[in-house]
Each structure stands twice: as C-alpha cells, then as structure tokens.
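Notes for the one structure printed next.
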Amino acid sequence: MARAGLVMLCATLVLHLAVPSLATVYTVGDTAGWVIGTDYTTWTSGKTFLVGDSLVFNYGGGHSVDEVTRSDYGACTVGTAISTDSSGATTIPLKTAGTHYFICGAAGHCSGGMKLAVTVKAGSSPPSTSGGSPAATTPTTSSPPSTTNTTTTTPTTTTSSSTPEANSGSAAVSPVPALVMASLVCLHEFAFLSR
C-alpha cells in the first residue's frame with residue numbers, strides 16, 4: 001500500500017515539475033495592449049516564440065485581431081483574414097512553426113501600426129529572460145487596456161501553481177535539475193521499499 005502511494009506521489013511530483021517547461025504566455029504590447037502607436041517590431045525583439053506558446057491580445061472596442069497572410073500583412077489588406085476575433089481578449093495558441101502575421105481589421109489601424117509578425121520556432125526551451133512583469137495565464141475582459149506606450153516584456157510560464165515572480169533579466173531557472181533530483185529521490189525510495 002505504501003509503495004502505491006509513493007508511486008502516485010512521485011508521478012505527481014514529476015508532472016508538476018515538467019509542466020512549467022511547456023509554454024510561455026506573451027501579452028502583446030505588454031501593459032499597453034493591442035493599440036495604435038505601439039511598435040510591435042520592437043516588442044518582439046529579444047523574444048523567442050516556440051510552438052506551444054500563446055499570444056494574448058488585450059484591446060478595447062473597435063479593434064480586432066486578424067491572422068492574415070504575409071502579403072495581406074505587408075499591404076495591410078483587411079477582409080481576407082485567415083481568422084478573426086474582436087472579443088477584447090484574444091488568445092492565439094502558436095501551434096505551428098513559421099512566421100505568423102496579425103493585424104487589426106479596423107480601417108486604417110494596420111497602417112497606424114497595429115500589425116504584428118512573430119516567428120515561431122519548433123521545440124521548447126526555458127521562457128524568455130528579457131525581463132518585465134508576469135502576464136495572466138487566463139485573459140479577462142474586465143477593463144480596457146491602458147493607452148500608455150511601453151516596451152517591457154511579459155513572458156510567463158504556464159503552471160498549475162502560484163503566479164511566477166517578475167523576471168528582471170536574470171537567467172531563467174530550468175525545471176530539469178529539479179526533475180532529475182525528484183526522479184533520483186523516487187528511485188532511492190523505491191529501492192528502500194523493495195528491501
């Protein structure tokens with residue numbers, strides 16, 4: 001009986017340690033959100049987007065998030081979007097590698113700067129270490145975003161536990177050493193119970 005309980009405890013521990021390495025949630029435009037006047041090219045610089053990460057767009061009424069082709073992005077062509085949402089809080093899971101293009105579908109907004117291109121790489125690695133404050137893992141629509149222009153970074157690791165602390169430019173902590181240590185402890189305990 002004790003052995004079955006230990007197996008469950010070890011499996012749960014390993015799963016909880018592995019989950020933080022799965023995805024990073026990026027709040028587009030940080031506290032400014034998805035607005036006219038933010039330089040989204042600067043916002044993406046220094047960030048590594050990976051398959052499994054998500055983009056959260058927060059914006060007020062009169063805007064939308066349209067995923068478009070490269071040519072529609074370059075020409076700010078509206079009305080031919082691959083997908084569109086105007087809910088005010090749009091989460092886009094990055095499911096495939098390659099460059100993804102987003103614009104606001106409201107007339108004149110794309111040419112006013114509401115356009116974003118992100119290059120997504122296959123694979124996984126620790127979250128970006130550019131600094132900034134954590135993003136919520138579940139977007140809400142309780143209030144419109146601030147119109148202040150800012151260029152801080154908000155990557156967060158999606159976890160089932162508490163909100164991560166703000167990352168201030170230090171190296172990201174990898175869950176791999178903790179995962180290895182937990183596995184070794186579990187193996188030791190299995191060997192001890194088997195005697």
Problem - Modelled atom types, side-chain donor and acceptor of Y59 and T90, under 3.5 Å - result: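 There is such a pair (donor and acceptor under 3.5 Å, judged by atom type) between the side chains of Y59 and T90.
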Practice task
Please collect all ring-ring contact (aromatic ring centres under 6.0 Å, His included) contacts where either partner lies in residues 67-100, sequence neighbours excluded, each pair once.
Solution key: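 Those involving residues 67-100 are Y73-Y101.
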Problem - Interatomic distance, L94 atom CG to Y26 atom OH [nearest 0.5 angstrom] - result: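 The OH atom of Y26 is 9.5 Å from CG of L94, to the nearest 0.5 Å.
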Exercise for the section: Mind checking the CZ-CG spacing from F49 to L55? Nearest 0.5 Å is all I need. Expected result: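 The CZ atom of F49 sits 6.0 Å away from the CG atom of L55.
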Practice task
Mind listing the closest non-hydrogen atom pair of D53 and T24 along with its distance?
Solution key: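 Taking D53 first and T24 second, the nearest heavy atoms are OD1-N, 2.8 Å.
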Exercise for the section: Grab the two heavy atoms, one from G33 and one from T38, that are nearest each other, plus how far apart they are. Expected result: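 The pair with the smallest heavy-atom distance is O-OG1, 4.4 Å.
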Exercise for the section: May I have all residue pairs that pass side chain to side chain donor-acceptor pair (under 3.5 Å) and include part of residues 75-84, sequence neighbours excluded? Expected result: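 Sorted result for residues 75-84: D66-T84, D72-T80.
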Quick one: do [X] and [Y] end up in the same hydrophobic cluster if we chain Ile, Leu, Val, Met, Phe, Trp and Tyr together by side-chain heavy atoms under 4.5 Å apart?
{"X": "M114", "Y": "V68", "value": "no"}
{"X": "V78", "Y": "L116", "value": "no"}
{"X": "V120", "Y": "W43", "value": "yes"}

Handout entry: T96 side chain near V51 side chain, heavy-atom distance below 4.5 Å
Key =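 Sidechains of V51 and T96: no contact.
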Exercise for the section: Kindly indicate whether the side chain of V25, heavy atoms from C-beta on, has any atom under 4.5 Å from the side chain of V56. Expected result: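 In short, these two side chains touch, coming nearer than 4.5 Å.
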Exercise for the section: Check whether the ring centres of F102 and W34 lie less than 6.0 Å apart, and answer yes or no. Expected result: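 No, the ring of F102 stays outside the 6.0 Å limit from the ring of W34, centre to centre.
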Problem - Those residues that, when tested against T119, pass side-chain contact (heavy atoms from CB on, under 4.5 Å) (two or more places apart) - result: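 Only T99 meet the side-chain contact (heavy atoms from CB on, under 4.5 Å) criterion with T119.
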Handout entry: Set of residues satisfying side-chain contact (heavy atoms from CB on, under 4.5 Å) with respect to K95, sequence neighbours excluded
Key =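 P93.
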Name every donor-acceptor pair, under 3.5 Å, that has one atom in a side chain of residues 103-112 and the other anywhere in the protein, sequence neighbours excluded.
| from | atom 1 | to | atom 2 | distance (Å) |
| --- | --- | --- | --- | --- |
| H109 | ND1 | H63 | ND1 | 3.0 |
| S111 | OG | G108 | O | 3.0 |

Practice task
Scan residues 22-61 for pairs that pass disulfide bond (SG atoms under 2.5 Å apart), counting only residues two or more places apart or in two chains.
Solution key: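 Applying disulfide bond (SG atoms under 2.5 Å apart) to every pair that reaches into residues 22-61, excluding sequence neighbours, yields nothing.
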